[in-house]
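Contents: one structure, followed by commentary.
Fair warning: this is a prediction, and the values are worked out from it, not measured in the lab. Counting starts at 1 for both ligands and their atoms, following the listed order. Position 1 is the first residue of the sequence; numbering continues from there.
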Amino acid sequence: MLRLSAKDQALLAGDSGPGVRKAMEIVVALGRIYGAERLVPVSSVQVAGVSYRNLGEAGLEFLREWADQGARARVPTTLNPAGIDLRAWRELGFSESFARRQLAVIEAYRRLGVRTTCTCTPYLVGNVPRVGEHVAWAESSAVSYANSVLGARTNREGGPSALAAAIAGRTAAYGLHLDQNRRATLRVAVRCPVRTLSDFGALGHLVGRAARNCVPYLVFEGREDACSGVALKALGAAMAASGAVALYHVAGCTPEADRPDILASDHETLVVDDLQPAYAALNSGALENENRIDLVWFGCPHAGLEEMAEVVRLLDGRRVRTALWITAAREMRERAAAEGLVAAVEASGGRVIADMCAVVAPMQELGFRTLATPSAKGATYLPSYAGLRVRYGTVEQCVEAAVTGVWSA
Ligand code: F3S
């Protein structure tokens, strides 16, 4: 049975206003549905549900009403990507009608006290919870990173439940907030080489499909360095997209992997000895026009400096024939500009785009038909969400596609 503290009860009774009462009603209802015994304070929140394409007018009105009721985030709260670059949308070709509604959504979040970071990698721009800290994050790749790589504790929140936790400052303690639910029930023996970023995405794709929403424990039997943050970001995002994996452990690497009881005694086993089935699944069928590519997209999840520098290194000053986008947090774009990376990408004819995610953008407004990416998450969602035909491969292959305009297997 859910027990509420005196403070919880006061907030639920409306002592801090109707906006907070509504947030508490959501948090408490979820706690009762999932059998939580108590609420826990959260140290940060990541809110998803930002693109006007997904929210529509009803979602925008919902946010405005909540802000009118005096609701404000009471813990540091960051925001997922939007459907446009909030400043460069016109140059990118997005319509004024969409941009106007998207900017209204951002304004509503600002009134709710949310830091309008517009990124799915809040952990790269200052929202970095510590091991064991309770947080309430939405956005599947960020949830996976927070739980698995940072060792924080969050369920896979939806947009309204994360916002409710931000306004209430607490969440219900069930699911991945509890020790017993963080144990792995699937041991994954990785027996093939996993070298490139797209290999990590391909592996994540296969594991996510098998694991669905259980907790995998990966053992790399080769000598790959699976401990780089960039590799784990790609791995976790892919698992969260093909399955609903919100937490994974990597032997000898992630913070909870060495806990003695981390692998449940009745766990199942999966052996991965070939990544090709994932590459096949993540590539759409035949492309028209002799494998011609319109757009090459890096930065899903949003890129850090290391990933941008790699693209610049591979471009090596060459001009691109396709559109080339690297999406990143605005703060990260500013850091990249200071290091000369934005200028280098632009000198090749590409763009470093802030605030935005191609999966939730109104891509049909731009007329692209084919896209290449090294992101397994992007390749999973783009065909259905954006109607694009996709080529999935290494960062190197994607850069070559941008330079030649053609996908070469
Ligand atoms: Fe981020 Fe969008 Fe990819 S939210 S993880 S860039 S699908």
Aromatic ring centroids of Tyr217 and Tyr248 under 6.0 Å?
no

Centroid separation under 6.0 Å, is that true for the rings of Tyr385 and Tyr381?
yes

Would the pair Cys357 and Cys300 meet an SG-SG distance criterion of under 2.5 Å?
no

Could you check whether atom CZ of Arg111 has more than 12 heavy atoms from other residues, nucleotides or ligands sitting under 6.0 Å from it?
yes

Contacting atoms of ligand 1, where contact means under 4.0 angstrom from a heavy atom of Glu139:
4 (S), 5 (S)

Donor on one side chain, acceptor on other, Thr185 and His267, under 3.5 Å
no

Atom 2 (Fe) of ligand 1: protein N, O or S atoms [distance under 2.8 Å]:
Cys357 SG

Please lay out, stage by stage, how Glu139 and Arg156 fare under the test salt bridge (charged side-chain N to carboxylate O under 4.0 Å, His left out).
CA-CA 7 Å; Glu139 164 44 36; Arg156 191 162 149 153; over 6 Å; no

